[in-house]
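Indexing begins at 1, ligand by ligand and atom by atom, following the structure's order. When a residue number appears, it is its place in the shown sequence, counting from 1.
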Amino acid sequence: MSTLYPQNNASRMTMDLGGVWDFRFRGDEKWLPVAVPASYNDQHPDPAFRNRAGITEYRRNITIPKAWEGMRVCLRFDAVAHNARILLNGKEIVSHRGGFLPFEAELEGFLKAGETAELTVEADNRINHSTLPIGTEGETAFFGSDNPGIPSVEAGKKLQQERGINRPAFDFFNYTGIQRPVRLTATPKQYIQDVTLVPSMSGEVRYSIQTAGEEEPVRIEVLDAEGRTAARGEGREGMLTVPQPKLWEPWPGMPYLYTARITYGEDLYEQPFGIREVRVEGTRFLINGKPFRFHGPCKHEDSPFHGRGMDACLNVTDINLYHWLHANCFRTSHYPYAEEMYQLCDREGIVIIDETPAVGMWAGEPYGWGLGSYHEQVLVDMINRDKNHPCVVMWSLGNEPDTDTMPEKALEYWQPLYDAAHRLDPQNRPVTVVGCQNRYERDLVIRSMDVVLINRYYGWYNLSGDLEAAKYAFRAELDWWEKQQKPIILSEYGADTIAGLHGAVAEMFTEEYQVAFYEAMSECLDERDFVIGEMPWNFADFATCQGPMRVGGNRKGLFTRDRRPKMAAHWFRKRWENLENI
Ligand code: GCB
């Protein structure tokens, strides 16, 4: 679905519907207050809010202002997790599958300007083999012990199934609800539907504009950062030339932004963009023809109170901590983030690897779950939403699927998605899927990607606590990768660390061990030219489901969940301070 990010300008208006809404679990009588946008899960000290599986209901009244008479009015949801049904006065107006991408419903025929209606949002938090991300369906517990075959344990598991457990096959808390903004939007009836920009370093910008209606001419004007006209054109498709273009460079370079100002009849849309090129050449990743070295921790959308809720203040704080760390990138592990984050990264020069929510495809037989066409639809929507962001330099099809148990079958699944991403992206960015610690010599998928992203936990899950053995093993693997002649990013590596836990001897969970772990891994990375990136796991501690391996969540953050640096954050700050992008 193409749904341009809402704007307020001379022809478009938006009304933010954030605030306190009524909320309840389906079947309950009582409505409770819940803030929107935010995950509902941490807003009431009630275990049901964290654990209950099923449909939740939100409600509030909405009114279309009289002043919007004669305009095209839509309800726009930036994301509702995971599946949603939207009703006006009890009548369904739209439904949507998937919790991390926007959708909208036109209100024509449902509600007139000046009228009020009751808006209900049904949000389904259930995850299973048909959702992305994946929920388990009775197979191995995530970070728990199944003890398969023990009659009493099996009986307990059966009881859990009957009660409706909702267990993630992934390592982050299943936060849900209306987690991103909801808005009423108004545009002229003849409106701009979509904008696609493909810039090249020479200053040429290929553009294509989709409009609803064809009566009026389309005009496009490129403005530089000072608002001066840099180029003009007419028509729905064409090529413009920006003379002496200023390039969008990743931090610490200048992430210069232009704006494409598009008019169509009464409508106006302003699309920011950057002039930059991205390409893989041999074992190098080039941004504007210059080798780029990725260094920055992976993230989650996660914080106290808000859960996964969009929080502009948190985003700005986090990106400023990236600057403090001298980091230049992150991966949107493990789902597309809120649009506001990409806008911020465009502006701040932080490079993004944009990931679909295909995480958890490891237990059982993921390639028999019939996910292919839905997965492709999510990819279509993600690329369409994010295609114009200069900060996005690579697409990740998913995280840590099983690719080595049945390598051919896995390749059959991932290859078409890889091809689709290249076909769909007008800028034809490099494509990857992130590999887990596996039998890499059997795996056919990971090595077939444009850039090889590998998550490795030598010294943590493997060879725990023994950093000498960890280095030895990691070097042995890197020797193998060297022969594949591909650019490699160590896309996750880390050690759970309890802030404030120290030891004169660096043992697991201490801050000293986290530093020693990163020292050891960096030693191995620095020996290899074809390693073009290091992305520690994770930027900050984050919430997960309960389990014997998680003490109040995943503690691999360089920062605590409330963004206080651990020793390892200071260590990386020093390491990255003098590291060039190259
Ligand atoms: C991984 C996953 C990530 C986990 C991490 C961990 O490989 O990709 O989602 O949180 O390991 O800490 O175990």
* Asked: Side chain, backbone, both or neither: which part of Tyr457 has a heavy atom under 4.0 Å from ligand 1?
  -> side chain
* List for me each residue that meets side chain to side chain contact (heavy atoms under 4.5 Å, CB included) alongside Ser522, sequence neighbours excluded, and say none if there are none. => Asp526, Trp571, Arg575
* What atoms of ligand 1 come closer than 4.0 angstrom to any heavy atom of Phe542? -> 10 (O)
* To do: For ligand 1, indicate whether the residue Val434 contacts it via side chain, backbone, both or neither (heavy-atom separation under 4.0 Å).
  => neither
* Within a distance under 4.0 Å of any heavy atom of Arg550, pick out the atoms of ligand 1 and give their elements. => 6 (C), 12 (O), 13 (O)
* Is it the side chain (CB and beyond), the backbone, both or neither of Asn538 that lies under 4.0 Å from ligand 1, heavy atoms counted? -> neither
* **Pair Asn455, Glu400: side-chain N/O donor-acceptor within cut-off below 3.5 Å** => yes
* Can you find a side-chain donor-acceptor pair between Thr405 and Asp402 that sits under 3.5 Å? -> yes
* Is Arg456 salt-bridged to Glu477, cutoff N-O under 4.0 Å? -> yes
* To do: Please work out whether any backbone atom (N, CA, C, O) or any side-chain heavy atom from C-beta onward of Gln437 is under 4.0 Å from ligand 1, and answer side chain, backbone, both or neither.
  => neither
* Do you see a donor-acceptor pair shorter than 3.5 Å between the side chains of Arg308 and Tyr335? -> yes
* Flag this pair as yes if the NZ/CZ of Arg180 is under 6.0 angstrom from the six-membered ring centre of Phe100 and inside a 45 degree cone about the axis; otherwise no. => no
* Run the numbers for me: atoms of ligand 1, each under 4.0 Å from some heavy atom of Asn455, listed by number. => 8 (O)
* **Distance filter under 4.0 Å to His334 heavy atoms, resulting ligand 1 atoms** => 3 (C), 8 (O), 9 (O)
* Asked: Is Trp460 touching ligand 1 with its side chain, its backbone, both, or neither, if touching means heavy atoms under 4.0 Å apart?
  -> neither
